[in-house]
Amino acid sequence: MQEELKAIQEEALAKVEEASDLKELQAIKVSFLGKKGSLTQVLRGMGKLSPEERPVVGEIANQVREAITNAIETKNTVLENAALEEKLQSESIDVTLPGRPVKVGGPHLLTKVIEEIEDLFIGMGYEVREGPEVETDYFNFEALNLPKDHPARDMQDSFYITNELLLRTHTSPVQARTMQEYKGEKGFKMICPGRVYRRDTDDATHSHQFTQIEGLYVDKDVKMSDLKGVLNVFAKKMFGEDRKIRLRPSFFPFTEPSVEMDISCKVCDGKGCSVCKGTGWIEILGAGMVHPNVLEMAGYDPNVYSGFAFGMGPERIAMLKYGVNDIRQFYLNDSRFLKQFHQA
Ligand code: 2U9
């Protein structure tokens, strides 16, 4: 049995030496020191020894167990350190490595232009209002002096959902709702930005869905000169103090008189070029004094109250301001296009 014990010790120490990982070492420990371990087996045989032999063998057996146990603990420490080292290596971060660039987003160019325009009018005391994109025929057309069979309705070819419901073709219904809400009792200034829909074939300057910002100022004694003053401030703040504005007569069913506002062309400074088609002027928006029918339908007495209104397309303004030549770029979400304006 003493040789057996020596042999077990040799074999155990050799295996411990070769063990390459903690799992293997644990298996070796069990195979020698475990309940069914080879050393345990031998020790179970001690009962058959003579009383003289037992203490001697017992002593050797303890030495062998200790030697195997120490060897396993030493090896365990070595393997644990190696595993930790490997883990540290695998998890080590080379702080000198450049970090992964974090793509920083930015506001969409349209959002920027809309917020710029909003801030401008908020600065002039206008409240920003929004309204439903699915609108009633009454608020989208009738309340705006476009009765059922009015030809101008065709100018705004519409996406009808039912006979009475459609995707709004302009944000004017929001103003009409606001006037009705104030029931002709008080004056107010408001602008309303929002998405509008027209049955149109998309091309570089037209889209079946686009945004508008319209504004309305209703009070006692609002005059055309007030409109011109506000449009002048808007143009200079939006396009530069050096820009001049020009108002041309126009027609809208919901304003009378109606005008279109042009600004002097920045490229040729009004001398005429391809951008302004040789006119020296760039059309920016439409406006006018609120039509008395519209005031009346909303409960405002046109003999007491008057108002002006205007409407513009933020896409058009962004295209002019940032040199974008195709309106569809705003909706394609092509980051190559969008990220150009993050810092703008
Ligand atoms: C009420 C009364 C009057 C809103 C107006 C315009 C002129 C206008 C165009 C701008 C670009 C439409 O998208 S566009 O082509 N709009 O020119 N809009 S006056 O007039 C109103 C609105 C509401 C109650």
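In each ligand, atom 1 is the first atom listed, and ligand 1 is the first ligand listed. Residues take their numbers from the sequence shown, with the count starting at 1.
Annotation: ligand 1 has protein neighbours L144, S172, Q175, M179, F210, Q212, E214, F252, F254, T255, G286, A287, V294, A309, F310, G311, M312, G313, each with a heavy atom less than 4.0 angstrom from the ligand.
Contact between H170 and R198 at its shortest, heavy atoms only, is CB-NH2, 3.9 Å.
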Worked verdict on E164 versus T136 for side chain to side chain donor-acceptor pair (under 3.5 Å): CA-CA 6 Å; E164 282 316 309; T136 64; over 6 Å; no

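Comment: E116 engages K321 in a salt bridge, judged by a side-chain N to carboxylate O separation of less than 4.0 angstrom. Using a cut-off of 4.0 Å between Lys/Arg side-chain N and Asp/Glu carboxylate O, K87 and E80 are scored as not salt-bridged. Of the charged side-chain nitrogens involved, none lies within less than 4.0 Å of a carboxylate oxygen, so that K15 and E17 do not count as a salt-bridged pair.
Within 6.0 Å of atom CD in E185, more than 12 heavy atoms from other residues, nucleotides or ligands are found, so the atom counts as buried in its surroundings.
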